[in-house]
S.K.: 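One structure coming up, written as structure tokens, with questions to follow.
The chains referred to below are lettered A, B, ... by the order of the sequence lines, with proteins before strands, and numbering in each begins at 1. Worth knowing before you read on, the calculation uses all heavy atoms, side chains too, and leaves out hydrogens, waters and symmetry mates.
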There are 2 protein chains.
Amino acid sequence: MPSSRRAPLSRDRILRAAIKLADRHGLDALSMRKLATTLKVEAMSLYNHVANKDELLDGMVDIVIGEITRPTCGGDWKAALRARAASALSVMMAHPWAPMLVVSRIVVGPNMLAYIDATLATLREAGFSWHDTDRAWNTMDNYIYGFALQQQNFPVDPEEYASAAAAYLPMLPASVYPYMHEMSKHVAEGTLDGTHDFAFGLELILDGLERLRHART
Amino acid sequence: MPSSRRAPLSRDRILRAAIKLADRHGLDALSMRKLATTLKVEAMSLYNHVANKDELLDGMVDIVIGEITRPTCGGDWKAALRARAASALSVMMAHPWAPMLVVSRIVVGPNMLAYIDATLATLREAGFSWHDTDRAWNTMDNYIYGFALQQQNFPVDPEEYASAAAAYLPMLPASVYPYMHEMSKHVAEGTLDGTHDFAFGLELILDGLERLRHART
DNA sequence: GCGACAGACTTACAGCGTACATTGCAACGT
DNA sequence: ACGTTGCAATGTACGCTGTAAGTCTGTCGC
């Protein structure tokens with residue numbers, strides 16, 4: 001009954017191994033063969049459990065979306081959406097390959113659907129019309145994924161912003177790019193931290209939604 | 001002097017051919033070999049003008065960014081940014097492969113730098129601090145690219161929203177996804193058009209920026 | 001025991017990016 | 001007029017990719 005020296009492959013085991021591999025070595029390193037070897041199996045064996053690589057990627061995304069703590073409606077809608085955004089961002093940062101996949105395909109796994117449903121619920125129970133709910137949800141998610149993507153691809157660590165800005169300054173002559181030049185100078189001098197501020201845009205959106213809500217009641 | 005039956009290859013000719021190919025057949029169809037054949041040349045010849053495929057993609061993005069009409073400061077900053085966003089979106093829609101590339105790499109071509117510089121200029125001349133300028137610019141661009149990506153990947157044409165929603169309804173049982181179910185029903189019945197509204201989120205952000213500007217003066 | 005069947009394996013193919021070595025052509029100094 | 005030089009196009013090759021198709025094998029129900 002324990003037996004089976006044969007690998008007990010399964011769709012779930014494959015997806016989780018794929019996530020681990022992508023987390024560790026990036027999405028480019030995720031090939032069917034490499035994934036198979038981490039599972040001590042041949043590449044083609046995977047196809048007994050996932051139809052093709054696209055389905056594999058979809059499955060990975062849905063699992064990751066499942067890690068986001070879903071908003072619960074009934075309380076303060078703004079706080080709920082803020083928490084949702086924070087959780088989504090932290091999950092996206094934990095799986096750097098995820099936002100790219102989320103935006104480049106339409107995933108309709110159970111976790112994704114439940115996640116969206118909970119979001120719609122929060123907005124509806126807060127009193128938004130269906131029309132506004134639809135637009136509010138899209139606006140927020142555009143911002144969240146956009147921010148995560150930008151953050152992921154930014155090439156320098158936060159503690160190196162100043163030195164990096166100083167290094168790039170010569171490539172931004174004041175005569176050609178006056179504003180970029182001055183901004184980089186401020187970052188280099190520490191007058192401006194180049195930190196990307198997730199809350200800024202989020203609060204802009206949330207405040208806008210709140211005013212919209214008041215205007216319509 | 002006309003002579004030269006040999007193809008007069010050049011970096012610019014390559015980039016424009018690559019853009020045309022990607023526009024027509026998608027980014028997946030853009031391989032060095034296919035690109036070469038459209039130029040009646042062998043694949044390896046391309047490498048005399050671009051270092052590698054990544055540099056090719058970077059070059060394509062910078063050309064496309066150059067197609068965006070840049071904001072001019074001095075007038076109404078809100079109108080200028082609105083026009084900038086509209087132009088950026090229309091360019092992204094004309095080159096469906098572009099937003100994905102823009103968000104997945106850091107492009108520092110001359111057009112990109114000029115584009116950013118003009119944006120910073122508009123915000124600065126409107127009276128925003130460097131701190132706010134930085135955040136405002138990022139928030140807007142996150143939204144623009146996020147929206148373009150979402151629009152690109154949406155699988156159904158606007159005129160088919162209602163029928164598509166009706167078709168998907170059975171996959172969204174009211175018992176499991178009550179809100180998605182009801183929303184889809186509204187779309188199917190024509191009570192709600194599933195149209196994605198670019199202006200909605202954009203005005204949310206612009207209004208937020210305006211209030212911020214007033215609060216700080 | 002034995003037949004059936006799921007699931008792992010093997011082989012093979014077309015396509016990819018690109019390293020490296022070679023070739024052909026045009027312009028130059030003499 | 002004639003080597004020489006050097007750039008740009010080419011040809012070949014390698015290792016990698018996703019996956020179609022066919023084969024083999026261990027386990028289970030009868």
S.K.: I would like to know whether B:Tyr177 and B:Glu182 meet side-chain hydrogen bond (donor to acceptor under 3.5 Å, both in side chains); could you show each step before the answer?
M.R.: CA-CA 9 Å; B:Tyr177 310 111; B:Glu182 193 182 340; over 6 Å; no

S.K.: Mind telling me whether B:Tyr161 and B:His196 have parallel, tilted or perpendicular rings, with 30° and 60° as the class edges?
M.R.: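 Because their plane-to-plane angle lies in the 30° to 60° range, the rings of B:His196 and B:Tyr161 count as tilted.
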
S.K.: Once you round it to whole Å, what is the distance between C1' of D:dT17 and CG of A:Leu35?
M.R.: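 Rounding to the nearest Å, CG of A:Leu35 and C1' of D:dT17 are 14 Å apart.
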
S.K.: Could you note down all residue pairs passing ring pair (Phe, Tyr, Trp, His ring centres under 6.0 Å) where residues 15-62 of chain B supplies at least one of them, sequence neighbours left out?
M.R.: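 Residue pairs passing ring pair (Phe, Tyr, Trp, His ring centres under 6.0 Å), neighbours aside: none found.
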
S.K.: Quick check on D:dC7: is either OP1 or OP2 less than 4.0 Å from any side-chain nitrogen or oxygen of B:His49?
M.R.: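 No, no such contact exists.
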
S.K.: What is the separation between atom CG on B:Asn48 and atom C1' on C:dG24, rounded to the nearest whole Å?
M.R.: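 To the nearest whole Å, that distance equals 13 Å.
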
S.K.: Considering only residues two or more places apart or on different chains, which pairs with a residue in residues 132-145 of chain A satisfy salt bridge (Lys or Arg N to Asp or Glu O under 4.0 Å)?
M.R.: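 Passing the test, one end in residues 132-145 of chain A: A:Arg84-A:Asp141, A:Asp132-A:Arg216, A:Arg135-B:Asp193, A:Arg135-B:Asp197.
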
S.K.: Starting at CD of A:Glu42 and ending at P of C:dA6, how long is that distance when rounded to a whole Å?
M.R.: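 Going from CD in A:Glu42 over to P in C:dA6 covers 22 Å.
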
S.K.: If the cut-off is 4.0 Å, is A:Ser45 near the phosphate of C:dC9, judged by side-chain N/O to OP1 or OP2?
M.R.: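 A:Ser45 to C:dC9 OP1/OP2: side-chain N or O found under 4.0 Å.
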
S.K.: Expressed as a whole number of angstroms, how long is the span from A:Lys40:NZ to C:dC9:P?
M.R.: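 About 12 Å, once rounded to whole Å.
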
S.K.: Would a line drawn from the ring center of B:Phe147 to the ring center of B:Phe198 be shorter than 6.0 Å?
M.R.: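 Yes, close enough.
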
S.K.: Of A:Ile63, A:Asp23, A:Val61, A:Val102, which meets side chain to side chain contact (heavy atoms under 4.5 Å, CB included) against A:His95?
M.R.: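 By the side chain to side chain contact (heavy atoms under 4.5 Å, CB included) criterion, A:His95 pairs with just one of A:Ile63, A:Asp23, A:Val61, A:Val102: A:Asp23.
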
S.K.: To the nearest Å, how far apart are B:Leu46 CG and D:dA8 C1'?
M.R.: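 After rounding, the reported distance stands at 12 Å.
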
S.K.: Summarise how protein sits on nucleotides 16-22 of chain C as a single string, 5' to 3': B when a protein heavy atom is under 4.0 Å from the base, S for sugar-phosphate-only contact, - for no contact.
M.R.: BBBBB--

S.K.: When the distance from CD of A:Glu55 to C1' of D:dG18 is rounded to whole Å, what number comes out?
M.R.: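 These atoms are roughly 15 Å apart.
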
